[in-house]
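This report concerns only the one structure given below.
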Amino acid sequence: MTTVDPRPRTPAGLRFPRGFRWGTATAAYQIEGAATEDGRTPSIWDTFSHTPGRVSGGDTGDVATDHYHRMREDVALMKRLGVSDYRFSVAWPRVQPTGRGPAVQKGLDFYRRLADALLEAGIRPVATLYHWDLPQELEDAGGWPRRETAEHFAAYASLTAQALGDRVATWTTLNEPWCAAFLGYSSGEHAPGRTSPAAALRAAHHLNLAHGLGVGALRAALPAPAEVSLTLNLHAVRPLTDSAADRDAARRIDALGNRIFLDPVFHGRLPEDLVRDTAPLTDWSFVRDGDLRTVSAPIDSLGVNYYAPTVVAAGSSARPSPWPAAEGHVRFPRLPGPRTAMDWPVDADGLHGLLTGLRDELPGVPLLVTENGAAYEDHVDPRGRVRDTERIAYLRTHLAAVHRAIADGADVRGYFLWSLLDNFEWAHGYSKRFGIVHVDFATQRRTPKDSARWYAEVVARGELPGEAAAVQ
Ligand code: IFM
């Protein structure tokens, strides 16, 4: 367990445990650009973003924040922030273009240079193997609904770990498999844009399988002390009322949003109610003997991504939906209160509830908040400053919630702010800005926002300043 500082509250603010990991996070397709360079081939997101009508404004990740060419400048920004860790993702089509076969050396070299630059700057590299950029060839062969994709993932994990394992000690197999399965294959809001709820359930299982096979591949390729993890966007599900119908709606969404991953990964079983609820769509016969044992290979920590709670009530919702077999049973009421530019409610209690729930459900599993942050409509003012006070307020309340969860016994080892840079926000293109560093997408000029200065101060002190200490 992380030891909580004996004096957690100082006159100035809330002190975090010694050794707490302070990071920022990004993902390859959202920042790298260089979409056709050095042997990289299209991923499902290249295809999707180049399909008219899929992404707001017709935006693509072709250039993004040009991080592939500006990596050193971005590492220097992080060094100035003082962060201890940087969570990035490896682009599968950059290191293994067709998703099978040998690696491309130039692709691997980019990540070796990145890891070296980070280590030189005193920043721990944290690599995620899959943040949604499936090589298009694997989608053409059937994508995540097809079992072989999981086997290809394990081979990719192995060759990437062999190339980077001497520099990178912290690895995550998948980022947010819920989004990959359900936004990608059920609602079609994300690549590859399919709308088959049954295919999405198969995809979810094969993503779990990819994770389990990936853990085995990483353990075989990496030196023993390496840390292997998985990142989930767990849903802080709340029933609108205490009625039996609303509570049952919450149970359904908890099964489809959380337990569909947590139960196989940590308990080696599928939730019975999930199997029952989804019976009209599938008999789950694609889960083979031994799969759940593979999926439940022990991991060293769990990454939790949190942005907003999920409030549900009995009712029905529109199709296509990301919630297979739930459309006729669940609605998602809109509650009053502050919202971010994503139209997501601001509610830090959801993060505290998730972390303390995991404390109870998964005792002994260290937790990392691997993403948290907010999009707001930022502008560079005439003096060259971005006064993103709403983002600072969001970060302050969410970090306070993390602190409270630690004080309540949750073993939270670190916090990764999403995101270092404004970037390609998937179906929203460049219209939503999550960065603590503003990016002018025409010139690629980076301007640290007030939130960057605020976060640097938090990191330097290891403490969340009191209200009065806000950046002026
Ligand atoms: O930008 C995304 C990220 O890629 C995955 N988690 C949520 C973020 C904000 O939508």
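Whatever order the structure lists them in is the order used to number ligands and atoms, beginning at 1. In this chain, residues are counted from 1 in sequence order. Hydrogens, waters and symmetry mates are skipped; everything else that's a heavy atom, side chains included, is used.
- Polar contact check, N175 against ligand 1: no nitrogen or oxygen pair lies under 3.5 Å apart.
- Among protein heavy atoms, atom 1 (O) of ligand 1 sits closest to E425 OE1, 2.6 Å.
- Taking only nitrogen or oxygen atoms, main chain and side chain alike, N305 does not reach within less than 3.5 Å of ligand 1.
- Every residue two or more places apart in sequence or in another chain that forms a side chain to side chain donor-acceptor pair (under 3.5 Å) with Q96 is listed here: W92.
- A salt bridge does not link D388 with K449: none of the charged nitrogens is closer than 4.0 Å to a carboxylate oxygen.
- Side-chain rings of Y29 and H131 stay apart, their centers remaining 6.0 Å or farther from each other.
- Near W132, the atoms of ligand 1 lying under 4.0 angstrom from a non-hydrogen atom of the residue are 5 (C).
- Sorted by first and then second residue, the side-chain hydrogen bond (donor to acceptor under 3.5 Å, both in side chains) pairs with a member in residues 197-215 read T173-H211, H205-D291; sequence neighbours excluded.
- For atom 6 (N) of ligand 1, the closest non-hydrogen atom on the protein side is E371 OE1, 2.5 Å.
- The distance criterion of under 3.5 Å between nitrogen or oxygen atoms is met by Q30 with respect to ligand 1.
- Atoms of ligand 1 found under 4.0 Å from any heavy atom of E176, numbered from 1 in the order shown, are 5 (C), 6 (N), 7 (C).
- In this structure, K432 falls outside the shell of residues with a heavy atom less than 4.0 angstrom from ligand 1.
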Could you check R359 against D411 for salt bridge (charged side-chain N to carboxylate O under 4.0 Å, His left out), going step by step and ending with a plain yes or no? CA-CA 7 Å; R359 167 202 66 194; D411 185 7; over 6 Å; no
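- Using a 4.0 Å cut-off between charged side-chain N and carboxylate O, R87 and E371 make a salt bridge.
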Applying salt bridge (charged side-chain N to carboxylate O under 4.0 Å, His left out), run through R219 and D300 and close with a yes or a no. CA-CA 11 Å; R219 296 261 189 241; D300 303 310; 2.9 Å; yes
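- Annotation: W344 places no N or O atom under 3.5 Å from an N or O atom of ligand 1; distance criterion only.
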